[in-house]
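Below, chains carry the letters A, B, ... as their sequence lines are ordered, and counting in each starts from 1.
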There are 2 protein chains.
Amino acid sequence: MARTQAADYEERREAIVEQAARLFAKTGFLGASVADLAAACATSKSLIYHYYPSKEDILYAVMISHLDQLSEDVVAVTAMPADPAERLQTLVHRFMQHYVGAADRQKVLLNELDNLPLERRAEVVAKQRVIIGVVHDLLVALKPELAADRARARVHTMLLFGMINWTHTWFDPKGAVSADEVADVALDLIVPGGQPFPATPVRRRVAKAAEPARGLTRHSRG
Amino acid sequence: MARTQAADYEERREAIVEQAARLFAKTGFLGASVADLAAACATSKSLIYHYYPSKEDILYAVMISHLDQLSEDVVAVTAMPADPAERLQTLVHRFMQHYVGAADRQKVLLNELDNLPLERRAEVVAKQRVIIGVVHDLLVALKPELAADRARARVHTMLLFGMINWTHTWFDPKGAVSADEVADVALDLIVPGGQPFPATPVRRRVAKAAEPARGLTRHSRG
DNA sequence: CCTACCGATCGGTAGG
DNA sequence: CCTACCGATCGGTAGG
């Protein structure tokens, strides 16, 4: 009997990636075996290899799926009719939301890059570079003193990423401080005096009354 | 002929740790075999096991040796007859120096903690906590608004560690920006307005002309 | 989609 | 009789 692709093919692939992210985050890419992954998915090793040609392909899927989410945020922010301050705020808040919502994938992305084959590693690094570049340009726009000093601008950019990327080692979403609050603190440190939203006060709130005080949700979807 | 412990016993142990740090940083604790380590040390696997009872003991030695260096800095700074601003500056600069000078160990400490047995992991975490606590207290002393808000103080502390710890992913000691300059930028972000040294300026440059513009080197040793 | 296996390599230990 | 150190190989398990 001829079989076409299972109707839930994509769902199964995604389920494998989800479990892989959990396992790889917990015991590392090398520490988690394909047999472990199969067990976590309540199937066989062979089934895993039906959906992905190799363990490394699964690692790649974990990383790229996460990175694509972050890239979507970057595209959305690039399209925003807003000033740099508001763009940077939106971006950092969205990043923190994804870091928390996909903490396993974030940890895997940060810790297991060396286990990717060279070509795919380069692809991941290229995507990261685009994201870093956008943040870099926003910082330069916001801090005029950085425009004249590229090296210093890069340091500021990477220190900002350090602040938010490092959260995966200590931040507890169930703790007293929210991801948005952490984002606000990081933003205030990197761009002192920037207000919690909207960024350029002057007079823009005229027609828009009753927005959420520290709004961010505005960009969530609808 | 009777043999006592080799005269260079400690040197050999340290050489193993040094090579292990290099290998574990490059391919990960699980990715590097004891055979690889033996080859890197130009000896046999059995020799490795003569000096360390297990692979995990070597990982522990890599981490603790590095952490002890950082703890020494903390003790030294605690004994300094200086104000909090100068203490924090000294500490952050020394940390960055060690991160660069022992980049392999730093990377292993940050990435391979999960591969330590529970008891020793707890020991490492306890040492880290002491270091974090000292930085936390210095920040609270420097930023009065944090004294009333413990949660916020913790966020500031961890964001500072994020800035400097994350440098292992991007900082190039041969690049245009020095480790001391990165430390200065991080310090200026976390404690705005703090001067590059000495911390309490008022009038101290009187007798010292012609210093480097963005000086920092002053603290390197002499 | 499973059981049965493979070539290789793992961390650790044997005798001498 | 001790410790230092070697070549060889153990029982299990890895990805495929």
Side-chain angles (χ1 to χ4, degrees), chain A residues 1-17 19-21 23-24 26-63 108 112 114-118 120-121, chain B residues 1-17 19-24 26-63 108 112 114-121:
Chain A
M1 179 158 62
R3 288 212 224 172
T4 59
Q5 194 170 274
D8 58 353
Y9 185 83
E10 279 306 328
E11 284 87 344
R12 278 172 174 268
R13 274 175 71 93
E14 172 53 26
I16 291 170
V17 169
Q19 291 302 321
L23 278 176
F24 294 169
K26 195 167 67 174
T27 58
F29 175 71
L30 293 174
S33 70
V34 176
D36 293 336
L37 177 56
C41 297
T43 68
S44 67
K45 240 169 31 163
S46 305
L47 193 273
I48 301 292
Y49 281 104
H50 172 67
Y51 284 97
Y52 288 96
S54 76
K55 194 187 183 192
E56 279 158 355
D57 282 87
I58 301 174
L59 177 61
Y60 174 77
V62 170
M63 291 181 169
V108 171
E112 307 291 351
D114 291 343
N115 292 114
L116 267 195
L118 232 66
R120 298 196 137 173
R121 198 186 314 173
Chain B
M1 178 156 62
R3 291 211 225 174
T4 60
Q5 191 171 276
D8 56 354
Y9 185 82
E10 277 306 328
E11 283 87 344
R12 276 171 176 268
R13 274 176 70 93
E14 171 54 27
I16 291 171
V17 169
Q19 291 300 321
R22 213 173 48 80
L23 279 176
F24 294 168
K26 194 166 70 176
T27 59
F29 175 71
L30 293 174
S33 70
V34 177
D36 294 337
L37 178 54
C41 296
T43 68
S44 66
K45 240 173 25 165
S46 303
L47 193 273
I48 301 292
Y49 281 104
H50 172 68
Y51 284 98
Y52 288 96
S54 76
K55 196 187 182 189
E56 280 157 356
D57 282 270
I58 301 173
L59 177 60
Y60 174 78
V62 170
M63 290 181 170
V108 171
E112 308 290 351
D114 292 343
N115 292 115
L116 267 196
L118 231 66
E119 197 177 339
R120 297 195 138 175
R121 199 186 315 171

According to side chain to side chain donor-acceptor pair (under 3.5 Å), who are the partners of [X], at least two apart in sequence or on a separate chain?
{"X": "B:Glu112", "result": "none"}
{"X": "B:Arg120", "result": "B:Asp57"}
{"X": "B:Thr27", "result": "none"}
{"X": "B:Tyr60", "result": "B:Glu123"}

_Minimum-distance pair of heavy atoms, taken over all atoms of B:Val62 and B:Ala20_ =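 Residues B:Val62 and B:Ala20, closest heavy atoms: CG2-CB, 4.1 Å.
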*Where is the tightest heavy-atom contact between A:Lys55 and A:Phe29, given as atom of each residue plus distance?*
NZ-O, 2.6 Å
In residues 36-43 of chain B, what donor-acceptor pairs under 3.5 Å come from side-chain atoms, sequence neighbours left out?
| unit_1 | atom_1 | unit_2 | atom_2 | d |
| --- | --- | --- | --- | --- |
| B:Asp36 | OD1 | B:Ser33 | OG | 3.3 |
| B:Asp36 | OD2 | B:Ser33 | N | 3.0 |
| B:Asp36 | OD2 | B:Ser33 | OG | 3.2 |

Whole angstrom value for the distance that separates [atom2] of [N] from [atom1] of [X]:
{"X": "A:Lys55", "N": "D:dG15", "atom1": "NZ", "atom2": "P", "value": "4 Å"}
{"X": "B:Phe29", "N": "C:dG11", "atom1": "CZ", "atom2": "P", "value": "8 Å"}
{"X": "A:Tyr52", "N": "D:dG15", "atom1": "OH", "atom2": "P", "value": "17 Å"}
{"X": "A:Tyr49", "N": "C:dA4", "atom1": "OH", "atom2": "P", "value": "19 Å"}
{"X": "B:His50", "N": "D:dC2", "atom1": "NE2", "atom2": "C1'", "value": "12 Å"}
{"X": "B:Ile48", "N": "D:dA4", "atom1": "CD1", "atom2": "C1'", "value": "14 Å"}
{"X": "A:Asp57", "N": "D:dG16", "atom1": "CG", "atom2": "C1'", "value": "13 Å"}
{"X": "A:Leu30", "N": "C:dA8", "atom1": "CG", "atom2": "P", "value": "20 Å"}

_B:Tyr51 side-chain N/O to D:dC5 phosphate OP1/OP2 under 4.0 Å_ = yes
*So, is the end of the B:Arg12 side chain (NZ or CZ) under 6.0 Å from the ring centre of B:Tyr51 and within 45° of the ring's axis?*
no
*Would you say the base of D:dG16 and the side-chain of A:Lys45 have a donor-acceptor pair closer than 3.5 Å?*
yes
*Please identify each residue that fulfils salt bridge (charged side-chain N to carboxylate O under 4.0 Å, His left out) with A:Glu56, with sequence neighbours left out.*
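For A:Glu56 there are no salt bridge (charged side-chain N to carboxylate O under 4.0 Å, His left out) partners, ignoring immediate neighbours.
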*For DNA chain D, which ranges pair as stems of 3 or more consecutive Watson-Crick or G-U pairs, with both donor-acceptor distances under 3.5 Å?*
none
*How would you label the contact of B:Ser44 with the nucleic acid (heavy atoms, under 4.0 Å): base, sugar-phosphate, or nothing?*
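Counting heavy atoms under 4.0 Å across all strands, the contact made by B:Ser44 is with sugar-phosphate only.
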*How would you label the contact of B:Thr43 with the nucleic acid (heavy atoms, under 4.0 Å): base, sugar-phosphate, or nothing?*
nothing
*5' precedence on DNA chain C between B:Ser54 and A:Ala42 (nearest-nucleotide basis)*: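 This one resolves to A:Ala42.
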*asked:* What residues from residues 31-39 of chain B pass a heavy-atom cutoff of under 4.0 Å to DNA chain C?
replied: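 Contacts with DNA chain C under 4.0 Å: B:Ala32, B:Ser33, B:Val34.
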